[in-house]
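A quick note: this is a predicted structure, and the numbers were derived from the prediction, not measured. Residue numbers start at 1 and run along the sequence shown.
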Amino acid sequence: MILNRKNFLMGIAGLLFGSAAIHRFFENIRGEKTMQKLPVFFVGHGSPMNALGPNPLADTWAESTKDFPEPKAILSISAHWFTRGTYVTSNQSPPTIHDFYGFPQELFDVQYSAPGDPKLAEELSKSKDAQVIQDDSWGLDHGTWSVLRNMYPKANIPVVQLSLDATKPGEWHYEFAKSLSKLREQGVLVLGSGDLVHNLRLYDWKNQDKAHDWALDANETFKDLIQKRDWKSLANYQKLGTAVQIAIPTPEHYLPMLYALALADEKEEIRFYNDIIQSSVSLTSMKIS
């Protein structure tokens, strides 16, 4: 192996400062900014009550951020901003949106006061792959803050939300999401938040811990196709059979998964966690790194 100047300097930097400081070392001596490629998440967020830890889901969300550097910003694609057209939050201080009803006051009292990132919003609005419109009327809905409240409880990392265009098919969302891949190398953590299986009409409130057979079948179908990276089948989920059609009566909770999968490199591992189904809602999540 030929030890060139860059390899030599990286070795010295690692010895002197530790591996976590190597990127800062090169930024200082060359004026360049090299960042570790951040993971991508899809989180099955389930009920807003999961935000109020400690509970097994919230604990897992908190633990999931321990093995990589703190991001400089977070881009969240939440099931709960389903729009005609594609929008991005441009607020300097996005409000906490309590987009639900019938829950305890404790949940309505939650404020996740993370700053926004207008510069990131502006960058996204310049996309050549879609018309992305800056919007300052939305904020952080519970698909975002219920998860981030446990992943990053200090609320000190800027957060931007990207809406889901209800007029576009699954393949469009997947292809558009691929254009976001560069963000991972710029210190931006991409989070998709929804549920692979989400049919509240068929939710059995008396037997929440017992999953419907069709929900189990659909969830396993999704996991198998995700591991195979068969995005075309996943994007055209309407052709995957009866169980899947029951599992996805509307696509807004499913589509954020396509955004996460689109950002996966071929050699990256896709790890499932919180692989639980509550009646007709899947909490299955994945981390790509």
Side-chain angles (χ1 to χ4, degrees), residues 35-45 61 64-82 86-90 94 112 114-127 129-130 132 138 140-141 143-152 155-165 168 170 172-196 226 229 231 234-235 252-274 284-289:
M35 292 190 176
Q36 177 178 331
K37 188 174 186 177
L38 294 181
V40 180
F41 286 88
F42 169 75
V43 173
H45 62 247
W61 293 340
S64 68
T65 63
K66 300 292 180 61
D67 62 347
F68 60 90
E70 185 175 279
K72 72 171 189 179
I74 298 169
L75 175 64
S76 175
I77 301 96
S78 166
H80 295 277
W81 199 17
F82 201 43
T86 304
Y87 296 83
V88 61
T89 55
S90 58
Y112 190 75
D117 192 334
K119 289 185 178 179
L120 176 57
E122 182 178 2
E123 178 184 342
L124 291 169
S125 73
K126 296 177 181 177
S127 171
D129 299 276
V132 180
W138 197 247
L140 306 182
D141 59 52
T144 295
W145 64 257
S146 67
V147 177
L148 292 183
R149 183 172 188 261
N150 292 282
M151 291 177 74
Y152 294 104
N156 61 331
I157 301 171
V159 182
V160 166
Q161 271 201 214
L162 184 70
S163 79
L164 293 162
D165 187 345
K168 302 295 187 183
W172 183 92
H173 286 282
Y174 181 88
E175 292 292 349
F176 170 55
K178 287 169 64 176
S179 71
L180 305 175
S181 61
K182 62 183 179 181
L183 296 176
R184 296 183 62 190
E185 297 176 355
Q186 296 173 356
V188 179
L189 180 71
V190 180
L191 167 71
S193 180
D195 298 303
L196 290 178
I226 288 169
R229 290 167 164 75
W231 69 268
L234 289 163
E252 74 284 345
H253 278 77
Y254 177 81
L255 291 174
M257 177 275 295
L258 292 178
Y259 280 74
L261 184 61
L263 299 181
D265 288 345
E266 289 183 6
K267 296 182 180 180
E268 288 187 302
E269 178 185 5
I270 300 176
R271 184 176 64 84
F272 295 109
Y273 62 101
N274 286 346
T284 300
S285 305
M286 64 183 186
K287 181 178 182 179
I288 301 169
S289 60

Over all atoms of both residues, closest heavy-atom pair of Thr89 and Ala121: O-CB, 3.3 Å
Side chain to side chain donor-acceptor pair (under 3.5 Å) against Glu122, all qualifying residues, sequence neighbours excluded: none
Within-4.5 Å side-chain heavy-atom neighbours: Ile77 and Val190: yes
Distance (rounded to the nearest 0.5 Å) between Leu120 CG and Ser90 OG: 11.0 Å
Gln161 versus Thr144, side-chain donor and acceptor atoms under 3.5 Å: yes
Nearest heavy-atom neighbours spanning His80 and Trp138: O-CZ2, 3.4 Å
Backbone of Gln186 reached by a side-chain donor or acceptor of Lys72 within 3.5 Å: yes
Close side-chain approach of Trp61 to Asn274, heavy-atom, < 4.5 Å: yes
Chi angles and distances behind the side-chain contact (heavy atoms from CB on, under 4.5 Å) call for Met257, Leu196: CA-CA 7 Å; Met257 177 275 295; Leu196 290 178; 3.7 Å; yes
Approximate separation, where rounding is to 0.5 Å, of Leu255 CG and Ser78 OG: 11.5 Å
Short N-O contact, Asp265 and Arg229, less than 4.0 angstrom: no
Heavy-atom side-chain contact between Thr284 and Phe42 under 4.5 Å: no
Interatomic distance, Trp172 atom CH2 to Leu258 atom CG [nearest 0.5 angstrom]: 12.0 Å
Please table the atom pairs, donor to acceptor, closer than 3.5 Å between any side-chain atom in residues 174-183 and protein atoms at least two apart or in another chain.
| from | atom 1 | to | atom 2 | distance (Å) |
| --- | --- | --- | --- | --- |
| Ser179 | OG | Phe176 | O | 2.5 |
| Ser181 | OG | Lys178 | O | 3.1 |

Closest non-hydrogen atom pair between Ile74 and Tyr152, with its separation: CD1-CD1, 3.8 Å
Nearest non-hydrogen partners of Arg184 and Leu263, listed with the distance: NH1-O, 2.7 Å
Contacts of type ring-ring contact (aromatic ring centres under 6.0 Å, His included), residue His173, not counting sequence neighbours: Tyr259
Closest non-hydrogen atom pair between Leu189 and Leu38, with its separation: N-CD1, 3.8 Å
Test item: Pro71 and Ile157 side chains (from C-beta on) under 4.5 Å apart, heavy atoms: yes
Listed partners of Lys119 passing salt bridge (Lys or Arg N to Asp or Glu O under 4.0 Å), at least two apart: none
Asp117 side chain reached by Val159 side chain, heavy atoms, under 4.5 Å: no
Test item: Leu124 and Leu75 side chains (from C-beta on) under 4.5 Å apart, heavy atoms: yes
Contact summary for Leu162 and Trp81, nearest pair of heavy atoms: C-CE3, 3.9 Å
Within-4.5 Å side-chain heavy-atom neighbours: Leu164 and Pro256: yes
With Lys66 via salt bridge (Lys or Arg N to Asp or Glu O under 4.0 Å) - residues at least two apart: Glu63
By side chain to side chain donor-acceptor pair (under 3.5 Å) - contacts of Ser163 (at least two apart): Thr83
Check: Leu234 and Tyr254 side chains under 4.5 Å, non-hydrogen atoms: yes
Verdict with supporting geometry, Tyr273 and Val43, side-chain contact (heavy atoms from CB on, under 4.5 Å): CA-CA 9 Å; Tyr273 62 101; Val43 173; 3.7 Å; yes
Phe41 CZ to Met286 CE distance, which is reported to the nearest 0.5 Å: 11.0 Å
His45 and Ser193: side chain donor to acceptor below 3.5 Å: yes
